[in-house]
Structures are given as C-alpha cells and as structure tokens.
Amino acid sequence: MAVARIPLHWDIFCSVVDNYGDVGVAWRLARQLASEHGVAVRLFVDALAALSRLAPQVDAGSDEQRVQKVDVLSWDGPQKDAPRAAVAALGDVVIEAFGCGLPPNYLAAMEGHAMQPVWINLEYLSAEDWIESCHGLASRHSRRSLTRHFFFPGFTAHAGGLLRERHLFARRDAFRARPEEQAALWHMLGVDPPPAEALKVSLFCYPDAPLQTLLDAWANGSDAIFCAVPEAVADAAIDAWLATATAASGRSFRGGALTVARVPFVSQEDYDRLLWACDLNFVRGEDSFVRAQWAATPLIWHCYPQTDAAHVAKLGAFIARYDVGLAQGASTAYAAFSRRWNGDAAGVLSWSALTRVLPDLQTHAQGWARALAEQKDLASNLVRFAADRV
Ligand code: TRH
C-alpha cells in the first residue's frame with residue numbers, strides 16, 4: 001500500500017477579526033505542526049500586536065521573524081497582495097483560518113502552479129451535528145480554477161478533532177503534582193498563593209456576562225472564593241465590584257468571602273497553567289474553551305455572542321454532548337447556570353445549585369477529557385487530510 005507523503009511546507013493565513021481566538025488557534029496550530037510534525041510553517045498574521053499578547057516573544061513591529069520554529073510574517077489582509085517573497089514559494093498546504101480570505105496574488109500563484117497546494121479553510125469549532133456532514137467537503141472557487149476544502153474542528157470522530165499537543169496531559173499532571181510550581185505561578189501573576197481552603201476560579205468572559213450577580217453571590221456566601229481575572233476582562237463589572245472591596249495584597253482585593261485578583265494577560269503556556277491551578281474555569285470563545293476541557297476540571301463556557309442568538313444553539317449542542325453520563329441533578333444545575341450565563345432567560349444563575357454539584361462535575365470533567373483524548377488531535381487529522389490530497 002502506498003504511504004501518503006506528508007506535505008512539508010505549510011502556509012497559514014490568519015486575519016484578526018476581534019479578540020484573540022482566531023490568532024490563538026492559528027498560533028497553536030502553527031507551533032504544533034512545526035514541533036510535532038516537523039513541517040515548515042509560515043504563519044501570516046495581519047495584527048501582530050494581538051499575537052504578541054499570547055506569545056510575548058513575537059515582536060509586533062517586525063514583518064518577518066522566526067519564533068518557536070514558526071516563521072511569522074505580517075500581511076495586510078485578503079484585499080491586498082502578499083509580499084512578493086511569500087508568493088515566490090507557495091506552501092504545499094495553505095490553511096485559510098476561519099474563512100479569512102487569501103491575498104489576490106497568492107490565489108493567482110496557486111492557480112498558475114502545476115502542483116496546486118491543498119487549500120483548506122479551517123472553520124470555527126462547533127458541537128452541532130451538521131458540521132459532520134460538511135467536514136472535508138470540497139468546493140470549487142467561483143472564478144478561479146481552484147478547490148477549497150472545509151475542515152471542521154469538533155468533538156466526534158466524524159469531525160476534525162481538537163487542538164491537543166502530544167504531551168499536554170503529562171505537563172498538566174506534573175504541574176499539579178508540584179505545589180512549588182503552582183506557588184511560582186501565583187507569584188509570577190503578582191498575587192500570593194490562594195489559601196488551601198479557597199475555591200480557586202479563573203474568569204475569562206465577554207463583557208455582557210451577568211457577572212455582578214455572581215460576584216455578589218460569591219462575596220455573600222460562606223465559602224472562600226479566590227477569583228483570578230486577567231486584565232481587560234469584564235472591566236466594568238469588576239471595577240464596580242472592586243470599588244466596594246478592600247485592597248488585600250499585591251493585585252488582590254477582598255469583599256466578604258470573595259477575593260478578586262486582577263492578574264496580567266499571560267502567554268498561552270502560562271494561561272494553561274492558570275487553568276490547571278484552578279478548581280473551576282470560566283472560559284469563552286473557542287481556544288480557552290478547549291483548553292479548559294483539557295484541564296479536566298469543571299468549566300463554564302461563555303460562547304461568542306451572535307446577534308441572532310446562534311450562540312445559544314451552539315451552547316445547547318455542546319451541553320447535549322457534555323452532559324452525557326452526568327447525574328440528573330448535576331446536569332440540570334450545570335445547564336441552567338450555563339444558559340443564564342449566556343443570556344438565555346430559560347436558565348438560572350444559581351451559584352448555590354452549581355456549587356453543590358461541583359464534585360460531580362469534577363469527576364465528569366476528568367472522564368470527558370480522557371474520552372476526548374482518545375480521538376486524534378486536530379493537527380494530526382489535518383496532516384493526514386492534506387497528505388491524502390497532495
Ligand atoms: O478571545 P476570544 O474571545 O476569541 C474569540 C473566539 O475565538 C470566537 O470564536 C471568535 O469568533 C472571536 O474570537 C473572533 O476567546 P478564545 O477563543 O478563548 O481566545 C483567547 C486566546 O487568548 C486563547 O488562545 C487563550 C489566550 N489567552 C492567553 O494566552 N492568555 C491569557 O491571559 C488569556 C486570558 C487568554
């Protein structure tokens with residue numbers, strides 16, 4: 001049987017729409033392809049300042065640089081031509097992240113090439129069933145003699161998988177086994193390590209989350225809560241709450257049973273560690289949502305808000321998969337809390353109901369991560385998908 005050849009040169013184009021998810025996924029994928037699959041990766045990003053927040057080694061002022069085995073290049077988006085050097089050597093595989101479009105001269109070069117690159121549109125993650133029937137489909141370009149393939153990340157074996165590095169679980173478990181590393185993380189974040197009895201929470205959400213209700217419930221409760229909030233997250237609600245709190249130590253503020261720590265926005269690696277250090281993670285969008293699942297602890301997802309409430313359907317599809325095997329009480333409390341957090345009036349933001357089922361959710365999160373990790377990861381699936389088409 002012929003062995004498929006792994007394509008050696010990959011170009012990834014990413015346009016930053018808003019936030020950090022697009023570039024976060026593209027950067028993670030680029031690094032994994034380069035380090036685990038040994039391929040040469042050029043990552044084109046039109047807003048290097050966004051990338052340099054999650055990857056501080058990236059110089060936002062440099063048009064071309066090599067960071068963690070990835071060639072990072074700046075481009076001006078799909079309306080303008082790419083630098084001539086980029087077009088002179090095309091990738092064997094071209095990933096268009098989230099339908100961002102490709103530069104006109106790059107498209108023309110692809111069309112004119114005897115061995116056309118495999119062109120893949122990497123789509124947004126969804127737990128909805130319909131993605132399975134669209135995953136892998138090919139579509140002819142309307143004007144050019146080119147074919148694009150649609151690749152959907154997902155939670156089942158019939159989709160493209162999730163980004164997961166080879167030794168991720170081993171690194172996570174080693175970190176959790178070493179209290180001194182956890183203490184070092186808190187110090188690096190500018191706060192004292194939380195007391196052992198406190199429930200450690202990280203909070204990454206969109207500004208419209210009903211945070212005030214939650215902060216009040218935490219502050220007025222009887223159990224100690226330590227909540228780490230990266231800077232620029234939920235500023236209005238956090239600032240309003242901080243005005244009622246007293247300064248504790250470093251970046252920490254206390255009010256009732258709640259301590260809020262305003263921590264810096266850190267690199268992707270350190271953000272993983274923050275998720276691993278916490279007992280409950282509030283995450284959002286796409287990439288932090290996946291990372292919290294790999295942390296194998298309970299998570300509350302704030303889905304990227306869409307005007308037609310499509311995010312509520314997306315949330316429902318995720319919960320329908322996630323809660324299989326959860327005890328009835330835990331499933332009800334989890335769904336109600338998650339729905340309300342995402343603006344669905346059918347939900348209820350009951351912290352007391354959620355906190356009662358946290359032990360169940362903890363066990364469940366471990367089983368969920370283990371089962372998901374039995375599937376192939378997204379980068380490996382992409383490599384195979386491309387190899388079958390070169
Ligand atoms: O930033 P986001 O809201 O991104 C969103 C989603 O991807 C959404 O689907 C998309 O449509 C929209 O962008 C345009 O959330 P997300 O996906 O979790 O991305 C955040 C990235 O930031 C992720 O890679 C983790 C990283 N991060 C850090 O590296 N350090 C930090 O301190 C924090 C809080 C996040």
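Just so you know, ligand 1 is whichever comes first in the structure, and atom 1 is the first atom listed for that ligand.
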Pair Asp11, Tyr106: side-chain N/O donor-acceptor within cut-off below 3.5 Å: yes
Amino acids contacting ligand 1, non-hydrogen cut-off under 4.0 Å: Asp18, Asn19, Tyr20, Gly21, Asp22, Gly24, Leu54, Tyr124, Phe204, Tyr206, Pro230, Phe265, Val266, Ser267, Gln268, Tyr271, Arg284, Gly285, Glu286, Asp287, Ser288, Tyr304
Centroid-centroid under 6.0 Å between Trp301 and Tyr322 rings: no
Arg172 to Phe175 six-membered ring, cation-pi geometry met (6.0 Å, 45°): no
Glu64 side chain near Asp71 side chain, heavy-atom distance below 4.5 Å: no
Tyr271 and Arg291: side chain donor to acceptor below 3.5 Å: no
Salt bridge Glu286-Lys314, side-chain N to carboxylate O under 4.0 Å: no
